[in-house]
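All values below were derived from every heavy atom in this structure, side-chain atoms included, with hydrogens, water molecules and symmetry-related copies excluded. FYI, the numbering just counts along the sequence from 1. Counting convention: from 1, in listed order, for ligands and their atoms alike.
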Amino acid sequence: MATDHATLLTEATQHMPMGVLDSYRFWGDESIFVESLQGGGFTASDGRTFVDYRLGYGPIILGYRDARVDSAVINAIQNIGTVCGFSTPMDTEVVRRIKKMCPQVEKMRFANSGTEAVMGAVRVARGFTRRDRILVVEGGFHGLYDEMMWRSDEDGVVPFGGGLPESTRQNVDFIELNDAAGLEHALANGAPVAAVVLEPIMGNSGSISATPDYMRALREACTRHGALLIMDEVKTGFRVAKGGAQQHYGVFADLSTYAKAMGNGYPVAAFGGRAEVMDVISFDAGGVTHGGTYTANLIALSAARATLEILDETDALETVFEVGRKHRELLGRVFTHFGVQHTFAGPDSMFGVHFSETVPLSWRDWKKTDAPLYTAFCKQLIRRGVMLEPDSREPWFFCEAHEQVDLGWLEDMAHQSMAAALDARAVGH
Ligand SMILES: Cc1ncc(COP(=O)(O)O)c(C=O)c1O
């Protein structure tokens with residue numbers, strides 16, 4: 001029987017803070033409770049169906065409940081097991097595949113989430129350089145651990161919330177994307193830098209992207225200052241190209257982090273890079289420690305093996321790009337029809353929509369876009385069965401199964417939604 005979301009949330013609030021198991025799932029009375037997921041969409045507990053471009057914040061690259069991946073995982077669970085605290089022959093097989101797709105990776109370790117992968121990469125960078133200070137490009141997101149839960153705002157550097165000791169920000173400084181002079185200044189002044197951390201295509205700022213010139217300058221400056229370059233490809237990895245953003249730019253990091261698309265929704269992550277750097281992970285004096293009970297468990301590994309094989313050996317990614325391109329064109333037609341100034345940032349598999357005259361080049365540029373109109377547009381789309389994060393910092397994510405979406409229907413929904421959003425604005429809502 002279909003159950004109203006507000007009723008489910010009221011009950012859940014008695015058992016969980018905010019009534020949810022992850023704070024970002026709290027949308028007030030509109031919080032979504034899912035009944036079942038399939039392909040490029042889902043059915044909610046109240047019976048509504050959605051085409052989904054949020055895709056769980058990006059991990060779904062093939063589609064929900066992809067039978068090829070699911071059956072590989074079930075097979076591994078039934079024939080090998082889940083967790084054993086030992087190595088398996090599958091470890092090398094999966095890392096070999098990643099190295100083929102991302103040739104800058106020479107050695108690799110696994111993790112259970114993007115957060116953990118970033119923690120591992122930063123620790124390795126510090127262990128290797130024997131420096132503590134890191135530079136982080138503002139507008140990016142690198143996970144929910146204390147040091148990465150500071151962000152640069154107009155008021156200075158502020159925490160994401162409570163519970164974050166001031167001491168956790170003392171080794172982090174922020175730089176602006178596409179500001180080569182600011183980068184040089186930060187590298188040349190203050191304590192020596194262990195690593196610069198960035199999302200080259202900011203999956204957490206509407207796919208606002210580094211320019212190729214900036215990427216080249218960044219690479220050169222890091223090398224010159226003895227700082228490592230960490231590219232956080234948790235969202236872009238295996239999504240924007242087989243080799244991620246680094247293939248896209250032809251600029252390569254010392255350390256890279258991956259998660260999301262590498263497992264089509266199974267919780268798996270990894271970090272890796274130059275062998276000389278990764279080999280600092282050791283039991284030698286001063287060696288870096290890495291591990292964990294669930295690291296490279298067989299559910300994660302078998303999901304990654306199956307997903308990466310499909311991404312590497314079929315034209316699944318080409319389909320994702322093509323689907324994204326068609327959506328971009330469709331949305332462009334709708335915005336143009338209503339005279340809404342718009343730009344798209346990032347690649348077809350995960351583009352951001354920005355209501356602005358020019359493509360934003362940094363998070364500061366994003367602040368000048370008409371983000372409230374985008375949010376109003378998304379809320380109207382959600383009412384009509386098109387699920388998105390109603391925040392223009394979250395890109396539209398595409399998966400292979402979106403090939404099935406009825407684009408005529410979607411264009412109609414987009415028309416109705418923009419008309420309603422503009423009407424509401426006209427009357428001051
Ligand atoms: C670029 C980036 N890095 C790290 C993370 C953290 O990953 P997780 O949520 O798996 O811990 C995210 C999550 O969205 C991300 O987008």
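For atom 9 (O) of ligand 1, the nearest non-hydrogen atom from the set Asp232, Asn112, Thr115 comes from Thr115. Across the listed options Asn204, Val197, Val234, Asn204 owns the non-hydrogen atom lying nearest to atom 16 (O) of ligand 1.
The ligand atoms of ligand 1 that sit less than 4.0 angstrom from a heavy atom of Glu199 are 1 (C). Ligand-side atoms of ligand 1 in range of Gly143: 4 (C), 5 (C), 6 (C), range being under 4.0 angstrom from any heavy atom. Taking every heavy atom of Ser113 and a limit of under 4.0 angstrom, the matching atoms of ligand 1 come to 10 (O), 11 (O).
In this structure, a donor-acceptor pair under 3.5 Å is present between the side chains of Thr236 and Glu233.
The nearest protein atom to atom 10 (O) of ligand 1, hydrogens excluded, is given as Gly114 N, 2.8 Å; this is a heavy-atom distance. The nearest protein atom to atom 13 (C) of ligand 1, hydrogens excluded, is given as Lys260 NZ, 3.4 Å; this is a heavy-atom distance. Annotation: atom 2 (C) of ligand 1 to nearest protein heavy atom, Phe141 O, 3.1 Å.
Checked against a 6.0 Å centroid threshold, the rings of Phe377 and Phe335 count as neighbours. Taking the centre of each ring, Phe398 and Tyr53 come in below the 6.0 Å mark.
At distances below 3.5 Å, at least one donor-acceptor pair connects side-chain atoms of Ser209 with backbone N or O atoms of Ser207.
Using a 4.5 Å heavy-atom cutoff, the side chains of Ile98 and Met108 are in contact.
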Requested in this report: Decide yes or no on salt bridge (Lys or Arg N to Asp or Glu O under 4.0 Å) for Asp153 and Lys367, but give the supporting numbers first.
Outcome: CA-CA 10 Å; Asp153 207 334; Lys367 291 213 100 178; 3.7 Å; yes
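For His142, no nitrogen or oxygen atom sits less than 3.5 Å from a nitrogen or oxygen atom of ligand 1, counting backbone and side chain alike. Looking at ligand 1, you won't find any N or O of Glu116 less than 3.5 Å from one of its N or O atoms.
Checked against Glu329 for a side-chain hydrogen bond (donor to acceptor under 3.5 Å, both in side chains), the options His327, Lys326, Arg325 give a single hit: Arg325.
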